[in-house]
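Read through the structure below, which is laid out as structure tokens, and then see the notes.
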Amino acid sequence: MKMEINKDIERILFTEKELSTIADNIAGQINTDYKGKELLVVGVLKGSVIFLADIFRRLSLDCRLDFITASSYGSGYESSGRIIIKKDIDTDIKGKHLLLCEDILDTGNTLFYLRQNLIDRGAESVRICALLDKPSRRQKPVTPDYYGAQVPDEFVVGYGLDYDERYRNLPYIGILKPEIYM
Ligand code: 5GP
Ligand code: MG
């Protein structure tokens, strides 16, 4: 597919086909682990939506879907330790099994806060599903229960992940040319 934003990408990390295989594998694990249980999938907006759509359609469980938006104080593309919920879920989560679905686990600040917040509000269990994991940047003790791949400390875009709200519509994941953000 020809897209005019392709020219801003330095290198492709995961092709559409590889992302589809990742979704197959993760959904397969979730289907096995939650067999016979009800699951509430909570997508962290906005970055998770494309990945989430691919995972959710592959689930054969009795499941529901909700969304949450978190925001952190501080600048640009790194989250600070202070997280606030900007848009909350609408579902009563008492006694429910939750799966938090996120695009990338970076410092861990966002998911560390969200997981604790949902547990404090009575969720029976909260697991984390992140498409990508950047373990080298972690500041909080949080690891994904399900993840697609680990990535080095480089800024990636596409398949839901943005730079300044752009590039989410790329069907693959790539590394942005440095001149775009410099
Ligand atoms: P954390 O709280 O784990 O530091 O931040 C997670 C959020 O930071 C992600 O949901 C994502 O919005 C953003 N982020 C971290 N690394 C990247 C990256 O390489 N590319 C993009 N587009 N966003 C990132
Ligand atoms: Mg995000």
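The structure displayed is predicted, hence computed values, not measured ones. Just so you know, these numbers use all the heavy atoms, side chains as well, and skip hydrogens, waters and symmetry mates. Each ligand, and each atom within it, is numbered from 1 in the order the structure gives.
You'll find the side chain of His97 stays beyond 4.5 Å of the side chain of Leu40, heavy atoms only. Using a 4.5 Å heavy-atom threshold, the side chains of Asp162 and Tyr167 count as separate. Proximity of Ile22 to Leu131: side-chain heavy atoms (C-beta onward) are separated by under 4.5 Å at one or more points.
With hydrogens and angles disregarded, a donor-acceptor distance shorter than 3.5 Å links the side chain of Arg57 to the backbone of Ala53.
Every atom of ligand 1 is numbered from 1 in the order shown, and the set under 4.0 Å from a heavy atom of Glu154 is 19 (O). Residue contact check: Asp162 has heavy atoms under 4.0 Å from atoms 21 (C), 22 (N) of ligand 1. Atoms of ligand 1 lying under 4.0 Å from at least one heavy atom of Gly108, given by number and element, are 1 (P), 3 (O), 4 (O). Counting atoms of ligand 1 from 1 in the listed order, those under 4.0 Å from a heavy atom of Thr110 are 1 (P), 2 (O), 5 (O).
Between Tyr163 and ligand 1 there is no heavy-atom distance shorter than 4.0 Å. Every heavy atom of Gln139 sits 4.0 Å or more from the atoms of ligand 1. Within the structure, the closest approach of Gly47 to ligand 1 does not fall below 4.0 Å when heavy atoms are considered. Between Lys134 and ligand 1 there is a heavy-atom distance shorter than 4.0 Å.
The option with the heavy atom closest to atom 21 (C) of ligand 1, from among Val156, Ile173, Leu114, is Val156. Residue Ile104 holds the heavy atom nearest to atom 6 (C) of ligand 1 of all those in Val44, Leu111, Ile83, Ile104.
Dense packing is recorded around NZ of Lys7, with more than 12 heavy atoms of other residues, nucleotides or ligands lying under 6.0 Å away.
Side-chain N/O atoms of Asp66 and Thr91 include a donor and acceptor closer than 3.5 Å.
Relative orientation of the Tyr146 and Tyr34 rings is tilted, given thresholds of 30° and 60° on the angle between their planes.
Contacts between Glu102 and ligand 1, counted as non-hydrogen atom pairs separated by less than 4.0 Å, involve the side chain only. The part of Asp103 lying near ligand 1 is the side chain, judged by heavy-atom distances below 4.0 Å.
Of the candidates Arg138, Lys134, Arg137, Arg138 is the only one forming a side-chain contact (heavy atoms from CB on, under 4.5 Å) with Leu105.
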